[in-house]
**Student:** 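Pasting in a structure now, in structure tokens, and then I'll have a few things to ask.
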Number of protein chains: 2
Amino acid sequence: MTTRSSTDPTRVIPEATVARLPVYLRALTALADSGIRTCSSEDLATAAGVNSAKLRKDLSYLGSYGTRGVGYDVDYLRYQIAREIGVTQDWPVVIVGIGNLGHALANYSGFRSRGFRVVALLDADPGLIGQTVAGVAVRPFDELEAIVQEHDVAIGVIATPALAAQGVADRMVAIGITSILNFAPAVLAVPEGVDVRKVDLSIELQILAYHEQRKANGAGAAAAAAADGGAA
Amino acid sequence: MTTRSSTDPTRVIPEATVARLPVYLRALTALADSGIRTCSSEDLATAAGVNSAKLRKDLSYLGSYGTRGVGYDVDYLRYQIAREIGVTQDWPVVIVGIGNLGHALANYSGFRSRGFRVVALLDADPGLIGQTVAGVAVRPFDELEAIVQEHDVAIGVIATPALAAQGVADRMVAIGITSILNFAPAVLAVPEGVDVRKVDLSIELQILAYHEQRKANGAGAAAAAAADGGAA
DNA sequence: AGGAGTTTGTGAACGTGAGAACAAAATTGG
DNA sequence: CCAATTTTGTTCTCACGTTCACAAACTCCT
Ligand SMILES: NC(=O)c1ccc[n+]([C@@H]2O[C@H](COP(=O)([O-])OP(=O)(O)OC[C@H]3O[C@@H](n4cnc5c(N)ncnc54)[C@H](O)[C@@H]3O)[C@@H](O)[C@H]2O)c1
Ligand SMILES: NC(=O)c1ccc[n+]([C@@H]2O[C@H](COP(=O)([O-])OP(=O)(O)OC[C@H]3O[C@@H](n4cnc5c(N)ncnc54)[C@H](O)[C@@H]3O)[C@@H](O)[C@H]2O)c1
């Protein structure tokens with residue numbers, strides 16, 4: 001039997017839990033902003049849109065930060081989750097591909113407020129170089145190496161067309177970027193040890209379309225089956 | 001025992017499989033574009049970035065569309081998946097909130113090419129009304145009802161600030177929209193039978209940050225544990 | 001026609017995640 | 001100080017998802 005304490009850095013937090021921690025963090029921030037100092041697992045679960053048993057189990061992987069009979073101290077729990085995720089420090093981020101989407105991302109204020117700092121905007125199109133978006137200048141893609149080394153960047157965002165994405169990823173990996181957020185509709189091949197997460201609008205829409213089609217077709221027999229594929 | 005044939009509309013496709021079908025569809029389109037007529041499960045799995053056993057099991061939920069010893073006919077399989085997802089028909093979509101992100105979405109060509117048609121752009125800001133984005137005029141949010149009824153819209157996209165999102169969702173649900181894609185960092189409450197999918201940039205970055213932190217910390221003891229949280 | 005080789009479709013084993021249920025630990029009121 | 005009440009942390013069970021492994025089914029070559 002191996003028991004792992006909350007200060008043991010080797011303890012493993014399930015991936016499904018990791019994906020929910022940012023949601024809890026946001027919910028706690030909202031509670032704090034509305035002046036609430038303490039909350040029960042039930043309260044927080046409602047705010048985060050999950051089941052309270054699941055919430056408690058998730059939090060138990062981090063440690064024992066609640067008080068039985070009372071609940072959780074909002075600020076304290078928020079700090080503990082932020083520390084666990086690693087957003088008490090600032091993460092430098094580069095964005096590659098400053099087209100429609102890249103512009104929107106560069107303008108997104110939610111970056112800064114959640115522990116991420118855009119240190120550079122890069123594009124291969126000479127026509128864009130020098131332009132300033134949200135106070136950051138667009139620079140040539142070739143400066144990637146210099147920028148990553150200067151700011152010790154570990155996280156890269158790809159917002160180029162799909163065809164360019166693998167090339168950009170290869171270049172990022174070569175200089176030591178180990179986490180990539182990919183908006184291009186392409187499957188990226190990367191070596192072991194590099195994390196890739198993708199955000200794909202059309203996949204999300206197609207998933208919705210699938211369920212939508214079933215709702216429409218199965219109005220008779222499959223109605224029950226369609227409904228439980230259901231909501232939030 | 002209940003056996004469900006591929007033509008039985010009540011058969012259930014696991015949610016995890018549904019989420020991968022669009023990826024297969026894209027991979028098949030790429031193969032078709034490069035002139036490939038037939039492919040094995042191994043080929044397609046590589047192109048889609050998944051394990052070939054998983055791919056075969058996923059496809060088996062749709063029916064038996066391959067030929068043993070040969071593989072899959074690219075065009076035929078592509079059509080079958082498209083039909084299953086429901087993207088052989090066009091889905092009308094409305095986008096609400098034409099700010100930074102809404103502009104990018106409206107300009108996104110991947111919508112049209114994958115079976116979705118933007119029938120309206122809506123915003124509450126009078127200053128934006130009348131402006132045209134990608135050939136579609138921005139109209140007042142109040143026209144939502146009329147537009148949804150005219151075009152029989154089932155899918156809505158929310159790209160407003162977080163505070164406005166729940167209100168927009170309520171209004172969408174009230175007129176009969178049953179699928180929502182939400183870009184605002186807010187938990188939406190919707191009735192049973194309405195599907196919500198969320199796309200949240202900062203959650204994705206925070207998940208990357210968590211793994212990044214572990215890679216950095218655990219350089220010694222937790223290296224193995226960190227690595228297997230690892231890559232694609 | 002028959003055997004060698006290939007590749008699908010699926011049964012079975014394994015691992016991960018969700019939710020119900022409850023004991024343990026705290027508070028509150030008498 | 002003790003009993004009643006609240007709420008956490010954890011155990012147990014079930015459902016879902018992944019992967020292996022292989023028989024069945026097909027092609028191709030001789
Ligand atoms: N616009 C959206 O709402 C949206 C939504 C979902 C997905 N996407 C995807 O995001 C990506 C970007 O979309 P977009 O609408 O901004 O496209 P875009 O064409 O407007 O912008 C792409 C940018 O990438 C740059 N670029 C091209 N090759 C490059 C390279 N090798 N290195 C560096 N920069 C390079 C181009 O110069 C251009 O500025 C696409 O893959 C698209 O499919 C976009
Ligand atoms: N910009 C990004 O890259 C990005 C990334 C991730 C998430 N988001 C999220 O997406 C949302 C939009 O981001 P943005 O940068 O485009 O913001 P934005 O402020 O540029 O645009 C928001 C738009 O919504 C409109 N709006 C506000 N209330 C409305 C209402 N009740 N009905 C209809 N329209 C309304 C505003 O008029 C504005 O045009 C935000 O919730 C943001 O957190 C943005």
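Labels below follow one simple rule: chain letters A, B, ... track the order of the sequence lines, proteins then strands, and each chain is numbered from 1. These numbers come from a predicted model, not from an experiment.
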**Student:** Ignoring hydrogens and geometry beyond distance, is a side-chain donor-acceptor pair present between A/T46 and A/D43 at under 3.5 Å?
**Tutor:** no
**Student:** Roughly how far apart are A/L181 CG and A/D195 CG, rounded to 0.5 Å?
**Tutor:** 11.5 Å
**Student:** Can you pull out every salt bridge (charged side-chain N to carboxylate O under 4.0 Å, His left out) where at least one residue sits in residues 168-178 of chain A? Sequence neighbours excluded, please.
**Tutor:** A/D142-A/R171, A/E145-A/R171
**Student:** With the sugar-phosphate defined as primed atoms, P, OP1 and OP2, and the base as all remaining atoms, what B/S/- string results for nucleotides 24-30 of chain C, 5' to 3', for protein heavy atoms under 4.0 Å?
**Tutor:** BBSS---
**Student:** Looking at every heavy atom in both A/A45 and A/N51, which two are closest together, and how far apart are they?
**Tutor:** CB-C, 4.0 Å
**Student:** Going by heavy atoms in the side chains, are A/I158 and A/L188 under 4.5 Å from each other?
**Tutor:** yes
**Student:** So how far is it from B/I155 CD1 to B/F116 CZ, rounded to the nearest 0.5 Å?
**Tutor:** 5.0 Å
**Student:** Scan residues 21-45 of chain B against DNA chain C and write down, sorted by residue number, each residue with any heavy atom closer than 4.0 Å; if none is found, say none.
**Tutor:** B/S40, B/S41
**Student:** Go through the structure and list residues passing salt bridge (Lys or Arg N to Asp or Glu O under 4.0 Å) with B/R117, not counting sequence neighbours.
**Tutor:** B/D90
**Student:** B/V187 and A/G49: which non-hydrogen atoms are nearest, and at how many Å?
**Tutor:** CG1-CA, 3.8 Å
**Student:** Which heavy atom of A/S60 sits nearest to which heavy atom of A/K57, and what is that distance?
**Tutor:** OG-O, 2.7 Å
**Student:** A side-chain contact here means heavy atoms from C-beta on lying under 4.5 Å apart; do B/V87 and B/R114 qualify?
**Tutor:** no
**Student:** At a heavy-atom distance below 4.0 Å, which nucleotide of DNA chain D is the first touched by chain B, and which is the last?
**Tutor:** D/dG17 to D/dT27
**Student:** Are there any protein N/O atoms within less than 3.5 Å of an N/O atom in nucleotides 12-17 of chain C, and if so, which ones and at what distance?
**Tutor:**
residue, atom, partner, partner atom, Å
C/dA12, N6, B/K57, NZ, 3.0

**Student:** Looking only at heavy atoms, what is the nearest atom pair of B/L44 and B/A27, with distance?
**Tutor:** CD1-CB, 3.8 Å
**Student:** Would you call A/Y79 and A/D73 a side-chain contact if the rule is heavy atoms closer than 4.5 Å?
**Tutor:** no
